[in-house]
Amino acid sequence: MTVQILWVDTTTNEEARALDRTIWDFSTREEPDGTIITQAPGPAPENGEFWSHAFDRIKDDPDQRYAMARRHLPLPAAWREMAIALRTKIRAARREKVGYEDLLRELHHLAAMASYAGYGIIQRVPYARVAALDLSYDRVGFDQLLLLGATDGKWMRELWGEPSAHNTAAVLYAAMLAADLKRIDADKEREDAERMDLLFGELSSKTRVESRPDPQPLPPKRRGLLGWLFGR
């Protein structure tokens, strides 16, 4: 059984593209009774169930919450849940009057990475490239980072002072983002063409089989979806 890699393991454009297709490409099958099933696999399950359902059982443990959410990056909910887990740990550290700068820096970096692009784009950009960008507090600040709130900004200002600017990764790396958008659009156009070729190839094959003469009359056959669509 092939183990599906995580987005946080991707290092190349092709790895990110392949992972996205593994999750969201639709496949269609016809059941023996003629029922057509079309579905995408979706995010990898957690112990056999959808991750948001499994999440309910561990959400009170910030370490498990963080780890499970990280496995499902870059889904929007995964960014949010990682941020919540980090805030929970920061608040505990503040209550106990112990250091929390590393946790706060990780929260900032998480929010800065998430500001590169929304879902639909970012999952086709390898994590390794996004994680390697220079997204320091002084360059990015916090006001433009949607994953952060007022309290996060207050904590950051207390520890690090005022940043030189407030930006997003999308603004700072606009040229790189433009190149990614162009590449992703071209990939999706090619993938759409491949799907159409596959669809019509299957249709052509089915038509050839059905057109062969058969001297013996056969009982009426229930039409599948393609037969319904194309009137055969």
Side-chain angles (χ1 to χ4, degrees), residues 4-26 39-46 50-53 55 59 65-87 104-137 139-153 156 163 165-192 195:
Q4 180 176 300
I5 69 168
L6 306 177
W7 182 66
V8 295
D9 299 324
T10 58
T11 60
T12 67
N13 293 339
E14 181 55 32
E15 285 178 347
R17 185 183 77 89
L19 175 60
D20 184 45
R21 296 195 68 180
T22 297
I23 296 172
W24 295 119
D25 268 13
F26 283 89
Q39 65 184 54
E46 292 283 345
F50 190 66
W51 79 281
S52 66
H53 300 156
F55 193 83
K59 64 183 180 181
R65 187 174 196 159
Y66 175 98
M68 185 178 290
R70 189 173 186 270
R71 289 195 292 274
H72 293 280
L73 284 177
L75 291 170
W79 295 108
R80 292 194 302 269
E81 294 299 339
M82 283 184 72
I84 290 170
L86 287 167
R87 286 190 196 100
L104 191 61
R105 199 171 298 283
E106 184 173 2
L107 176 60
H108 179 268
H109 190 241
L110 184 77
M113 285 193 296
S115 74
Y116 181 69
Y119 198 77
I121 300 298
I122 197 167
Q123 76 269 26
R124 290 207 172 204
V125 180
Y127 172 86
R129 176 148 57 84
V130 179
L133 299 177
D134 180 0
L135 299 172
S136 66
Y137 174 76
R139 293 192 77 202
V140 180
F142 55 83
D143 272 353
Q144 300 299 311
L145 303 183
L146 299 181
L147 203 61
L148 300 181
T151 300
D152 303 322
M156 292 171 187
H166 292 282
N167 279 304
T168 63
V171 170
L172 290 174
Y173 294 93
M176 188 175 91
L177 177 57
D180 279 327
L181 291 171
K182 183 177 180 180
R183 170 181 58 81
I184 291 167
D185 284 345
D187 284 345
K188 290 186 175 180
E189 185 175 342
R190 185 169 56 254
E191 290 159 17
D192 287 343
R195 292 186 192 101

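Every value quoted in this text rests on a predicted model; they were computed, and no experiment measured them. FYI, side chains are in, hydrogens and waters are out, and symmetry mates aren't considered; it's all heavy atoms of this structure.
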Student: Would you check if the side chain of Trp79 reaches a backbone N or O of Pro74 as a donor-acceptor pair within less than 3.5 Å?
Tutor: yes
Student: For Leu19 versus Ile5, what's the shortest heavy-atom pair and its separation?
Tutor: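 Distance-wise, the nearest heavy atoms are CD1-O, 3.3 Å.
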Student: With sequence neighbours left out, what residues match Pro126 under side-chain contact (heavy atoms from CB on, under 4.5 Å)?
Tutor: Thr10, Asn13, Ala16, Arg129
Student: Name all residues meeting the salt bridge (charged side-chain N to carboxylate O under 4.0 Å, His left out) criterion together with Arg80; count only those two or more places apart in sequence or in a different chain, and write none if there are none.
Tutor: none
Student: Applying side chain to side chain contact (heavy atoms under 4.5 Å, CB included) to Arg70 and Leu6, what does each step give before you reach the verdict?
Tutor: CA-CA 9 Å; Arg70 189 173 186 270; Leu6 306 177; 5.8 Å; no
Student: Got a sec, which residues hit ring-ring contact (aromatic ring centres under 6.0 Å, His included) with Tyr116, two or more places apart in sequence or on another chain?
Tutor: none
Student: What residues form a ring-ring contact (aromatic ring centres under 6.0 Å, His included) with Tyr127, not counting sequence neighbours?
Tutor: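 If we apply the ring-ring contact (aromatic ring centres under 6.0 Å, His included) test to Tyr127, skipping adjacent residues, the hits are Trp7.
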Student: Testing the basics here: between Val130 and Val125, what is the closest heavy-atom pair and its distance to 0.1 Å?
Tutor: CG2-CG1, 3.6 Å
Student: Would you call Arg190 and Asp187 a salt bridge, taking side-chain N to carboxylate O under 4.0 Å as the test?
Tutor: yes
Student: Report the C-alpha separation of Lys188 and Asp185 in whole Å, then their side-chain angles, then the decisive distance to 0.1 Å, and conclude whether the salt bridge (Lys or Arg N to Asp or Glu O under 4.0 Å) test is met.
Tutor: CA-CA 5 Å; Lys188 290 186 175 180; Asp185 284 345; over 6 Å; no
Student: Evaluate the criterion side chain to side chain contact (heavy atoms under 4.5 Å, CB included) for residue pair Met176 and Leu133; output intermediate values, then yes/no.
Tutor: CA-CA 11 Å; Met176 188 175 91; Leu133 299 177; 3.7 Å; yes
Student: What residues form a ring-ring contact (aromatic ring centres under 6.0 Å, His included) with His166, not counting sequence neighbours?
Tutor: Phe142
Student: Taking salt bridge (charged side-chain N to carboxylate O under 4.0 Å, His left out) as the definition, give me every residue that meets it alongside Glu106, ordered by chain and number, with sequence neighbours left out.
Tutor: none
Student: Could you list the donor-acceptor pairs under 3.5 angstrom formed by side chains in residues 143-151, with sequence neighbours left out?
Tutor:
none

Student: So do Leu104 and Leu107 actually touch side chain to side chain, heavy atoms under 4.5 Å?
Tutor: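 In contact.
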Student: Which atoms form the tightest heavy-atom contact between Ala169 and Ser115, and what is the distance?
Tutor: N-OG, 2.8 Å
Student: Roughly how far, to the nearest 0.5 Å, is the CG atom of Leu86 from the CG atom of Asp152?
Tutor: 10.0 Å
Student: Roughly how far, to the nearest 0.5 Å, is CE of Met156 from CZ of Arg105?
Tutor: 9.5 Å
Student: Which atoms form the tightest heavy-atom contact between Leu135 and His108, and what is the distance?
Tutor: O-CE1, 3.4 Å
Student: If you take all heavy atoms of Ala131 and Met113, which pair is closest and at what distance?
Tutor: CA-SD, 3.6 Å
Student: May I have all residue pairs that pass salt bridge (Lys or Arg N to Asp or Glu O under 4.0 Å) and include part of residues 110-126, sequence neighbours excluded?
Tutor: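 Output for this query lists Asp20-Arg124, Arg124-Glu191.
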Student: CD1 of Ile23 to NE2 of His72: how many Å apart, nearest 0.5 Å?
Tutor: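 Ile23 atom CD1 to His72 atom NE2 measures 9.5 Å (nearest 0.5 Å).
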Student: Test of understanding: with salt bridge (charged side-chain N to carboxylate O under 4.0 Å, His left out), list the residues that count as partners of Glu15, not counting sequence neighbours.
Tutor: none
Student: Under the side chain to side chain donor-acceptor pair (under 3.5 Å) test, which residues partner Tyr173, sequence neighbours left out?
Tutor: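 Listed in chain order: Arg139.
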Student: In Å, rounded to the nearest 0.5 Å, how long is the span from CZ of Arg183 to CD1 of Ile121?
Tutor: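 Arg183 atom CZ to Ile121 atom CD1 measures 9.0 Å (nearest 0.5 Å).
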